[in-house]
Amino acid sequence: MNPTKSEKIEDILEGLTESQRRAVCHGEGPLLVLAGAGSGKTRVIIRRIAYLLAQGVDPYTIVAVTFTNKAATEMQRRVEALVGEGVDVSTFHAFCCKTLRREISVMNRDPGFSIYDRRDSVRAVRRVVKDNDLDTKTHKPREMLNRISNLKNKVVGPEAWAEEAVSVNDRALATVYKGYEEELEANNALDFDDLLLKTILLFREHPEVLQKYQDRFEHVLIDEYQDTNLPQHLIAQALQGKHHNITAVGDPDQMIYGWRGARLDNMLEFEHDFPGSTIVKLERNYRSTGNILRAASVCISHNLRRHDKQLWTDREDGPQVQITQHDNAYREADFVAETVEELIEQGTDPGQIAVFYRTKYQSAPLEQAFGSRALQHQVVDSVGFFDRKEVKDLRAYLQVLVNPDDDEACLRIINKPKRGIGKRSQEKLLRYARKTGDSILRAAGHAAEIESLGPRAVRAVTAFHELMEEIAGFEYETIEGLIEKIVEETEYLEACDDEDRRDAAETLSNLMGYAGQYDEHHPDGDLLGFLEQAALVSDVDGWNAGASAVPFMTLHSAKGLEFDVVFLTGVEDHLLPHARALDDDDSRHELDAVEEERRLLHVGMTRARKQLYLTHCRERFSQGRKQSVEPSRFLDELPEDCVQRQSRRSFKRAGSASGFRDEMDRAIAAKRKARSRSHRKAGSAGQKQEKKKEKPKTPEGVLNPGQRVNHHMYGEGEVIEAELDGNMQRVRILFDTEGEVQMVLPKGKTFS
DNA sequence: TAAACCGTTGTTTTT
DNA sequence: CAACGGTTTA
């Protein structure tokens, strides 16, 4: 057509192999790309979108789906860089959310719906269980929600389940399921599963709506197809129903969300579900060195339920995979920090090193070890941030503004900060609201008419209602500004304990910062959009990949990423594979569960380009007790020629009960020393400390505000703030030349 | 009847 | 080790 077109297409195909090209240039009809780890699958999707656009396809007719928002923005950015125009890329949940906001009114639901996270859902289920006079001990809300979620993932609604339920337990579940759905509807809320499910129902019950989308989407592209569940598969199927141009990319060996309903069958039966499909296999790995790739391939080859696939590389062998054993998690963390320090000194960019673990709580010792060496790191855990109580409180205020029917949110904030509306009054309010069919907020407006409320409660509830009216009337330019106003108006911070206030203030200022970013990037965004984004974040979304800091993340979050150097910690039985995968009381088969854990390890290993470290401990604290642990059974399966095994255990000195000296020992010793010193100095001060509530503001003899320090990297500076946090002290130091730095040190440790 | 207190519980991974 | 639920206190 025009002269730049063929140039563009040449650019787009540049550097691609034959099979990658076949996928990128595929014409009409369904396409399945079976792409092994590191075989360039994301690249293939991006180039394929770019290729379609270069062919003159209207971006509006393309829908692309990724696993996380982060991957979505990244994909959009990279397509734009190639072709100069982007397409809309989102996650399944975000896509469904957008669609429902537009269309849900045909199902007689309000488009301003709230999105409930797991915690909100558990609370709702608990209320339903109680309302039905069921015992929360025998009918645990968490478990019931899990079962409900599983049913939703199988597209089994409450009515269908009620027909199937025979046993007492199952019938109770049917009751709760139905009640939970009613509760959601009354609150005008959808849970995560509903975003998918209601979209399916929308398409099923309103063919005219479905047709609109089928007409529109000439091309449907989906990444990480191995982790899609049944509802997602059905949505994909529905969307491609007219043009049949679906591209699904994935790797069955990287399916790690089976517990969330991911179905390998979506890929394995792709040809059946999408007649006339083409399959392209990508088996060449461009990412990892030979040793890493071979070790990972051998690892995954131990899975029985698997189609054989041989990944190959022509890259050099590189260093062997290092497997090290340590005494405990602190020494393990110390080893990681020490090695990272060496790597950085040798010129490795900290952002090209990553630390993975199976469970989030494993991050604590690592943070400590990195903090004490002043190594820049970031714990990738956005969801954790949005789970903080201050953040959830403020979000609930905003949520009630947007959706006054949301009783869950309203109950959360009705007495936060404390304003004299206790449990009893809340119950009365709730009962009244149920009776009249009003929301809690509306009921609060008629507090005086509720006979059971005493005069004091009536005053408190009315005051709350007036406060909410006031907030609803706020004029605001930015969401950041709105949050600030709410914090002021509610005197939220003033009501916090002295001890918590600093933390709360910091959390809220982070929230405002986040809101500020939203304001900036979404000039015409609204509160609804902000809340939606906050509700649908994934952990990695908050990771600043450009920062020169070592990311710490779970193996699940690591999917789709790659780094030069990878540390995989806690490779122990009961952690990886996790204990929950080893006991078979679950409905899922034990073998399946263990194989999923093996895939998880495989995902972690294949993230590494050049160097891979697998670490495990002899002992680990779990449930507050020290327990001896065994190396992961998976480690035995690795081929000896690719790995180097090493014990990094400390030897106990003869005659000494505490032979090895690690950070903990040193910290304890320093603390003892400090205490005895303060005993001498302040006489009874030490005894006071033994009493219940006398938390010392700053640790004795360690770092105190005002103190001058000298750090081996940052030089001289002054301590601004120091506070104890469990076994660590968090300090803020203003360095003379380097500016303000926050770090976490083991209790009792100074660095000069 | 609100709020502080205490014991028990259950602890993977996440859109 | 936290969050929740029940119990005591004021």
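Chain naming here is simple, since letters A, B, ... match the order of the sequence lines and numbering starts at 1 in each. Computed from a predicted model, the values in this text were never measured in an experiment.
Residue side chain A/H93 fails the stacking definition with respect to B/dT15, as its ring centre and the base's six-membered ring centre are not both under 5.5 angstrom apart and under 30 degrees in plane angle. Remark: ring of A/W259 stacked against base of B/dT13; centroid gap under 5.5 Å, plane tilt under 30°.
Between the side chains of A/T99 and A/E103, no donor-acceptor pair of N or O atoms lies under 3.5 Å. No hydrogens or angles considered: a donor-acceptor pair under 3.5 Å links the side chains of A/Q399 and A/S114.
A/K360 has a side-chain polar atom (N or O) that falls below the 4.0 Å cut-off from OP1 or OP2 of B/dT14. Here A/K428 reaches the OP1 or OP2 of B/dT1: one of its side-chain N or O atoms lies under 4.0 Å away. At B/dT15, none of the side-chain N or O atoms of A/T68 fall inside 4.0 Å of OP1 or OP2 (strictly under the cut-off). Between A/T359 and B/dT13 there is no side-chain N or O to OP1 or OP2 distance below 4.0 Å. Phosphate proximity of B/dT12 to A/T554: absent, as no side-chain N or O sits under 4.0 Å from OP1 or OP2. Within the 4.0 Å cut-off from OP1 or OP2 of B/dA3, at least one side-chain nitrogen or oxygen of A/N415 is found. Side-chain nitrogen and oxygen atoms of A/R142 include none within less than 4.0 Å of the OP1 or OP2 phosphate oxygen of B/dT9.
Distance, A/D387 CG to C/dA2 P: 14 Å, rounded to whole Å. Rounded to whole Å, atom P of B/dT14 lies 15 Å from atom CZ of A/F386. Protein atom CD1 of A/I235 is 12 Å distant from nucleotide atom C1' of B/dT15, rounded to whole Å. Atom NZ in A/K418 sits about 17 Å away from atom P in C/dA10, given to the nearest Å. One atom, NZ of A/K140, and another, C1' of C/dA3, lie 15 Å apart when rounded to the nearest Å. If you take CG of A/N150 and P of B/dT14, they are 17 Å apart, rounded to a whole angstrom. Rounded to an integer number of Å, the gap from A/E572 CD to B/dT12 P is 16 Å. Between the P atom of B/dT15 and the CG atom of A/D193 lies a distance of 13 Å, rounded to the nearest Å.
Of the candidate nucleotides B/dT15, B/dT1, B/dT12, B/dT12 has the atom lying nearest to any side-chain atom of A/H578. Which of B/dA2, B/dT12, B/dT15 sits closest to the side chain of A/S425 comes down to B/dA2.
Ring centers of A/Y116 and A/Y180: at least 6.0 Å apart, outside the cut-off.
For the pair A/Y432/A/I440, no side-chain contact is recorded, criterion being any heavy-atom separation below 4.5 Å from C-beta on. Proximity of A/K416 to A/K389: side-chain heavy atoms (C-beta onward) are nowhere separated by under 4.5 Å. Looking at heavy atoms from C-beta onward, A/I300 lies in side-chain contact with A/R599 at the 4.5 angstrom threshold.
Note on A/D117: nothing from the nucleic acid sits closer than 4.0 angstrom, heavy atoms only. Contact annotation for A/R260: base contact, defined as any heavy-atom pair under 4.0 Å involving a base atom. If you check every strand for non-hydrogen atoms under 4.0 Å, A/Y361 touches nothing.
Each of A/E597 and A/I421 was matched to the nucleotide of DNA chain B holding its nearest heavy atom; the match closer to the 5' end belongs to A/I421. Of the two residues near DNA chain B, A/R358 and A/S538, the one whose nearest nucleotide lies more 5' is A/R358.
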* To do: Might you work through the side chain to side chain contact (heavy atoms under 4.5 Å, CB included) test for A/R456 and A/R459, ending with a clear yes or no?
  => CA-CA 5 Å; A/R456 240 172 52 180; A/R459 236 178 301 133; 4.0 Å; yes

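Of the nucleotides present, B/dG10 is the one that pairs with C/dC1 by Watson-Crick or G-U wobble criteria, both distances under 3.5 Å.
Of all non-hydrogen atoms in A/D251 and A/Q226, the two that sit nearest each other are N-OE1, 3.1 Å.
Between A/K559 and A/D227, at least one side-chain N (NZ, or NE/NH1/NH2) sits under 4.0 Å from a carboxylate O, which counts as a salt bridge.
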Below 3.5 Å between N/O atoms, which protein atoms pair up with nucleotides 4-8 of chain C? Just atom names and distances, please.
| unit_1 | atom_1 | unit_2 | atom_2 | d |
| --- | --- | --- | --- | --- |
| C/dG5 | OP1 | A/R126 | NE | 2.5 |
| C/dG5 | OP1 | A/R126 | NH1 | 3.4 |

